[in-house]
Amino acid sequence: ATATAYDLHFRLLPHLREIAQCRLEQTGKTSSPETLGRWWELLRPDRPEPDDRFAPGIKQAELRALVGDLERMGR
């Protein structure tokens, strides 16, 4: 997912969305701009597929921050 926008969109984001949804459901919440904060644009379910499939994917530091925030969700 750090390699291309295609990998990010079609391979990683579906898993991250599912994780976010499960974590939020533990507290009776749903995915929304308010609950996902800065990650809403990346994880929103209606996010359009990339125009350029070979564009860079997500930066490793950003992915680490996202995973960290997902780990804290639902606590």
Side-chain angles (χ1 to χ4, degrees):
T2 59
T4 69
Y6 175 88
D7 290 332
L8 173 63
H9 187 80
F10 290 102
R11 295 184 179 172
L12 183 60
L13 288 182
H15 297 289
L16 294 176
R17 284 186 193 109
E18 184 177 351
I19 291 167
Q21 180 181 351
C22 290
R23 302 290 288 188
L24 289 168
E25 284 177 356
Q26 292 174 349
T27 59
K29 298 176 184 174
T30 59
S31 295
S32 69
E34 292 77 28
T35 58
L36 292 176
R38 69 179 181 147
W39 304 116
W40 172 250
E41 284 303 314
L42 185 64
L43 297 177
R44 67 188 179 117
D46 62 343
R47 184 176 193 258
E49 65 180 76
D51 291 329
D52 179 1
R53 293 177 164 215
F54 297 103
I58 190 170
K59 294 178 181 176
Q60 287 185 5
E62 191 174 3
L63 181 56
R64 277 191 219 101
L66 171 55
V67 169
D69 286 349
L70 289 175
E71 288 175 345
R72 287 183 287 281
M73 254 182 226
R75 289 186 183 174

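Only heavy atoms go into these numbers, but all of them, side chains included; no hydrogens, no water, no symmetry mates.
Remark: the backbone N or O of Gly68 is paired with a side-chain donor or acceptor of Arg72 at under 3.5 angstrom.
Listed by first and then second residue, the salt bridge (charged side-chain N to carboxylate O under 4.0 Å, His left out) pairs involving residues 9-19 are Asp7-Arg11 (not counting sequence neighbours). Sorted by first then second residue, the ring pair (Phe, Tyr, Trp, His ring centres under 6.0 Å) pairs that include residues 4-30, not counting sequence neighbours, are Tyr6-Phe10.
Residues forming a side-chain hydrogen bond (donor to acceptor under 3.5 Å, both in side chains) with Thr30 (at least two apart in sequence, or on another chain): none. For the side-chain hydrogen bond (donor to acceptor under 3.5 Å, both in side chains) test, residues two or more places apart in sequence or in another chain that qualify with Gln21 are Glu25. Taking the salt bridge (Lys or Arg N to Asp or Glu O under 4.0 Å) definition, one finds that Arg44 meets it with Glu41, Asp46, sequence neighbours left out. In this view, Gln26 satisfies the side-chain hydrogen bond (donor to acceptor under 3.5 Å, both in side chains) rule with no residue, not counting sequence neighbours.
Shown here for Leu42 and Arg47, the closest heavy-atom pair between the two residues is O-CD, 3.1 Å. The two residues Ala20 and Leu43 have their closest heavy-atom pair at CB-CD1, 4.3 Å.
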In a table with atom names and distances, give each donor-acceptor pair under 3.5 Å that connects a side chain of residues 53-66 to protein atoms at least two apart or in another chain.
unit_1, atom_1, unit_2, atom_2, d
Gln60, OE1, Arg64, NH2, 3.4

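Residue Asp51 places its CG atom among 12 or fewer non-hydrogen atoms of other residues, nucleotides or ligands, all under 6.0 Å distant.
For the atom pair Leu36 CG and Met73 CE, the distance stands at 5.0 Å (nearest 0.5 Å).
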